[in-house]
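Chain letters run A, B, ... following the sequence lines, proteins first, then strands; residues in each count from 1.
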Amino acid sequence: AQKITQTQPGMFVQEKEAVTLDCTYDTSDQSYGLFWYKQPSSGEMIFLIYQGSYDEQNATEGRYSLNFQKARKSANLVISASQLGDSAMYFCAMRGRTDSWGKLQFGAGTQVVVTP
Amino acid sequence: GAGVSQSPSNKVTEKGKDVELRCDPISGHTALYWYRQRLGQGLEFLIYFQGNSAPDKSGLPSDRFSAERTGESVSTLTIQRTQQEDSAVYLCASSSQGNSYNSPLHFGNGTRLTVT
């Protein structure tokens with residue numbers, strides 16, 4: 001079975017600083033996708049960034065980048081120049097063939113609080 | 001276009017009663033998913049529909065839970081004889097390609113179910 005691990009339950013970061021959120025995964029699949037979602041206190045789940053297992057370059061979307069280290073099975077999210085609006089829960093997720101494509105597996109999440 | 005729509009947004013019910021939760025996916029999305037999120041926790045996969053294929057029901061926690069989907073449109077999640085441990089936010093998501101590892105899920109705002 002696939003498994004996602006987020007070891008940081010909570011983090012404080014100062015405004016304008018960068019923050020790295022850790023995510024490691026375990027899978028025997030060769031083809032898989034890695035996703036990061038943001039969940040503010042309002043509860044909505046917002047898709048941030050995607051990385052495919054065969055992508056050679058790290059994904060970037062604005063202030064979000066994904067530090068993908070395939071051999072280490074890690075997919076850390078980097079948020080540059082943090083803003084107060086970045087305060088939220090962040091979930092790492094993956095999907096692959098083993099658990100059926102539909103079963104997007106989520107980690108436990110990391111709560112980020114951005115301080116002025 | 002419109003995003004994933006869920007109704008009701010909030011539901012309070014008495015223990016033992018049945019409830020129905022509704023999800024309208026994004027138009028044209030062939031895949032539809034239900035997840036459960038208990039307070040302060042991550043997302044728990046419940047069920048996945050992809051086109052006309054048999055749904056993946058492997059995440060349904062008991063036979064009190066069932067879900068249906070009409071073609072590639074509306075889905076209803078039914079919980080019979082509700083228990084207090086069913087209290088959670090039920091999130092619906094859709095994606096344009098359920099059988100592709102690089103297709104992100106787009107989530108609705110969820111239904112907050114409280115069983116008293």
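Between A:C23 and A:W36, the shortest heavy-atom contact is CB-CZ2, 3.4 Å. Nearest approach of B:F45 to B:S58, heavy atoms of both residues: CE2-OG, 3.7 Å.
When each of B:E44, B:Q37, B:Q41 is checked for heavy-atom pairs under 4.5 Å with chain A, B:Q37 comes out on top.
Using modelled atom types and a 3.5 Å distance limit, the side chains of B:Q50 and B:T30 yield a donor-acceptor pair. A donor-acceptor pair shorter than 3.5 Å cannot be found between the side chains of A:N76 and A:S74.
A perpendicular orientation is assigned to the rings of A:F91 and A:F106, their planes being inclined by more than 60° (bins at 30° and 60°).
The interface of residues 106-116 of chain B with chain A, defined by heavy-atom distances below 4.5 Å, comprises B:F107, B:N109.
For B:L91, the part lying near chain A is the side chain, with the backbone staying farther off; criterion is any non-hydrogen pair under 4.5 Å. With a 4.5 Å cut-off on non-hydrogen atoms, A:Q39 touches chain B through its side chain but not through its backbone.
Counted within 6.0 Å of CG on A:L84, heavy atoms from surrounding residues, nucleotides or ligands total more than 12; the atom is thus considered enclosed. Counting heavy atoms of neighbouring residues, nucleotides and ligands inside a 6.0 Å radius, atom CD of B:E85 exceeds 12 of them.
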